[in-house]
Amino acid sequence: MLDITMILGQLALIIVVARLAGLAAGRIGIPPVVGEIFAGVLLGPSLLGEGVSDFLFPADTLPFLKLLADMGLVLFMFVVGLELDVSLVRGRGRVAASVSVLSIALPFTMGLGLALLLRDLRADGADLLPYALFLGAAMSITAFPVLARILADRRMNRTETGGLALACAATDDVLAWTMLAVVIGIAGGEGHGHGPSWVIYLALPFALFAILVVRPMLTRLTTMYRRAGELTPTILSIVLVGILLFSAATEYLGVHFIFGAFLFGAIMPHAEAAALRHEILVRLEQLSVLLLLPVFFLVAGLAVDVRGLSAENLLQLAAILAVAIAGKYVGAYLGARSAGVPHWQANALGILMNTRGLTELVILSVGRELGLLSDELFTMMVIMALVTTVMTGPLLNLAYPRRRVARDIAEAERAALGEQAVDRVLVLTGRGRGGGDGRDGGDGGDGGDGGDERDDRVLLDLAVAALGGARPAEIVVAELTPQGRPLEVGTGLSLDLAEMAAAMERQQVLVRRGEELGVPVRVIAHPSADVAQDLVELVGVLAPQGLLAWSDDPALVAVGAATEAPVVLVAPGTPSPEPGAAVVVHASSDADGEAALLLGARLATARGAVLELHGEGRRMSTAGAALAARGVRLADGSVERAGALAPAPVEVAGLRRAGTALRVRAELDAAPIDFATVPLGAAEVPAR
């Protein structure tokens, strides 16, 4: 009889140990999921011994735990399919195909040879052919979710090498899972399915039906999500029903339920659905990561007994590690080199493609369930999965150090922007850094809505004015936001993609505004683990002639120190200037004050406004006359002649509207020239 008290206590223990192990792994730079797998192993006989392990997890409770574990597998495989994005391969198809084919073919072939060498380690009654095919397939797997998480944590997903790795892993996923489905069909088709033996031949038609018929129907979920503005219970219910029905269908067909969940995830909408997919992952994480997957790790860990390995098994383990590591690395390296990838990049790809993680554990559990792997071989293969995943980070630190990552990120952004512009102004919208959460203000152009006082059109108008009609020119809008907590159930890319899509949509207002003003606007938008450092690198690569940002942006301290270009600071709450609004300039009679005067003149000209000039000395009078001669409209009597020059001038220029003015501070070294907004009539800023 099932003891519910025992079950509840077991679940509590599993959750606590899994979370602690995951947190500990994360602190030392290992993917948390690896720590949770270790937790499952530690709760088994490897650490506690069979007596204690059997006491904590009696045999009569295992069927219930196995059911929960299978549900965790269903949700995980749906996530794997959901985050499989074939668009990652676009533009990299040749390299991805070459790397994927060789990184599967070589370890698969070596795995077949290893299976012959370790034929005695197959489960009792297992035929050699399906056993060998399965072992070859298990050697060929790359864990796309764990690989993507490693790339995201190291910011490599924004480099060319990271993009290649994602493309190769995505292609590898499609090929490997297809191959594994065929192997499982051969290994367990007749005995595993719940229907007659011939129904396994319906697996391919079912997959085509899902792609050609069900997939177009699922695009309606995107429409429903946009109308509701959130993930409603109805939408989530449709998704859950689809997962369960697809899993049940492939289980009936004898291909295993994990492939149904994977297939349903793969056919979910991708186009313009980043936010929808992210919200689905958020909901699933709360159930799968905290409860179901740790139970799966526990069930798998109970079958792992490191203490039961003999000296001969250790030699066999060494052979397994050698085949797994060498086969995957050499295959990926040769595939990359044959496609023209340089040595250092091919080396990094070989290291990354060796990542196996949770995906390998899923496959091994299926092999054990099908009666192909003995307990000893299962234990050794789990160790192989953990070793190949843990080694990825340290090896990458040697092959692809973080300083090279930073340089390649900057180079990738420069390549994306192009270098055709002679004059370039960088605009930092700072949404989500300087007080807004990135959601207020609607489309990014209606500042003031939702409590956000930042109207980014103000920055854009000032940037256009600062260019002073120079052509060819461009404005680069950078919206870098602090990276949120990545989801543990997936790759960690879903949040980035959703935020990037939202930012790009917001900044379309500025792109259209630039078109109206005749200046191209390019957008760089992505979450960042270190906003200030990324902005410093961006400034170094773009070398802009000017930089504009909100005055309370905390990243400006680092950015200002990294550039000699004029830095324009605008206070939140500054309204978008209306055509014809007066421009007020207070400037001293020296070169630095003239820099403030130049900006004021440009603003006045760009806005068709009257320039009200206040200054001291004969040079200011001469400058005013020169501006008037060039067609700048000056207010009557605007030039004041009084007193000597200030030794360290701090001047004010402004756009007068609704009781505010734009302050321009021109310092002695003229780098930077800062602009900030203060109420009209406020006290002058003291000279430095």
Side-chain angles (χ1 to χ4, degrees), residues 14-44 46 68-84 138 141-154 156-157 165-166 169 173 258 261-262 265 281-282 284-304 352-366 381-394 396 484-496:
I14 293 170
I15 292 173
V16 170
V17 175
R19 295 310 296 169
L20 291 177
L23 292 173
R27 287 184 177 274
I28 59 176
I30 298 175
V33 67
V34 176
E36 295 185 9
I37 295 174
F38 269 116
V41 173
L42 295 178
L43 287 174
S46 295
L68 291 180
D70 287 344
M71 292 305 301
L73 281 188
V74 167
L75 293 181
F76 171 73
M77 290 305 299
F78 168 74
V79 169
V80 173
L82 184 67
E83 296 203 310
L84 179 64
I141 290 295
T142 293
F144 178 76
V146 179
L147 180 145
R149 172 57 56 80
I150 292 173
L151 293 176
D153 290 344
R154 296 174 57 87
M156 284 180 61
N157 57 309
L166 287 173
D173 247 18
I258 63 172
F262 173 80
L281 289 174
V282 170
L284 294 183
E285 180 190 47
Q286 298 171 0
L287 179 63
S288 62
V289 170
L290 293 179
L291 178 61
L292 299 181
L293 280 180
V295 174
F296 167 68
F297 299 145
L298 180 278
V299 171
L302 292 178
V304 174
L352 285 165
M353 295 299 284
N354 246 308
T355 305
R356 289 179 171 85
L358 173 55
T359 305
E360 183 74 21
L361 189 62
V362 172
I363 294 168
L364 296 177
S365 297
V366 172
M381 293 293 287
V382 170
I383 294 174
M384 179 272 291
L386 293 172
V387 170
T388 54
T389 304
V390 170
M391 74 180 191
T392 302
L396 272 181
R485 182 188 66 83
L487 299 178
E488 297 180 29
V489 71
T491 63
L493 299 179
S494 62
L495 179 60
D496 289 1

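The chain is numbered in sequence order, starting from 1.
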Taking the side chain as everything from C-beta on, heavy atoms only, tell me whether Glu360 gets closer than 4.5 Å to Thr388. no
To the nearest 0.5 Å, tell me how far Leu298 CG sits from Leu293 CG. 12.5 Å
Look only at the side chain of Thr142 and the backbone of Met353, and say whether a donor-acceptor pair between them is shorter than 3.5 Å. yes
Phe296 side chain near Leu361 side chain, heavy-atom distance below 4.5 Å: yes
May I have the step-by-step check of side chain to side chain contact (heavy atoms under 4.5 Å, CB included) for Met156 and Leu396, ending in yes or no? CA-CA 11 Å; Met156 284 180 61; Leu396 272 181; 4.2 Å; yes
Considering non-hydrogen atoms only, spot the tightest contact between Leu75 and Ser288 and give its length. CD1-CB, 3.9 Å
If every non-hydrogen atom of Val295 is compared with every non-hydrogen atom of Ala69, which pair is closest and at what distance? CG1-N, 4.0 Å
Taking all atoms of both residues into account, what is the closest heavy-atom pair of Pro32 and Ala25, and its distance? CA-CB, 4.3 Å
Tightest non-hydrogen contact, residues Ala261 and Val74, listed as CB-O, 3.2 Å
Donor-acceptor contact below 3.5 Å, side chain Thr389 vs main chain Ala385: yes
Given side chain to side chain contact (heavy atoms under 4.5 Å, CB included), test Val33 with Phe297 step by step and report yes or no. CA-CA 10 Å; Val33 67; Phe297 299 145; 3.8 Å; yes
Consider only side-chain N and O atoms of Thr355 and Thr392, and report whether a donor and an acceptor are under 3.5 Å apart. yes
Between the CZ atom in Arg19 and the CD1 atom in Ile14, the distance rounded to the nearest 0.5 Å is 14.0 Å
Would you say Val299 and Leu68 make side-chain contact, with heavy atoms under 4.5 Å? no
Check: Leu151 and Leu166 side chains under 4.5 Å, non-hydrogen atoms: yes
Check: Glu36 and Val17 side chains under 4.5 Å, non-hydrogen atoms: no
Run Val80 and Phe144 through side chain to side chain contact (heavy atoms under 4.5 Å, CB included) and show every step you take. CA-CA 8 Å; Val80 173; Phe144 178 76; 5.6 Å; no
How long is the straight-line distance from CG of Leu20 back to CD1 of Ile15, given to the nearest 0.5 Å? 11.5 Å
If you look at every heavy atom in Gly72 and Leu292, which pair is closest and at what distance? CA-CB, 3.5 Å
Nearest 0.5 angstrom please: Leu302 CG to Ser46 OG, how far? 9.5 Å
Side chain to side chain, Ile258 and Phe262, heavy atoms closer than 4.5 Å: no
For residues Ala18 and Pro294, report the shortest heavy-atom separation together with the two atoms involved. CB-CB, 3.8 Å
Donor-acceptor under 3.5 Å (Thr359 side chain, Ala143 main chain): no
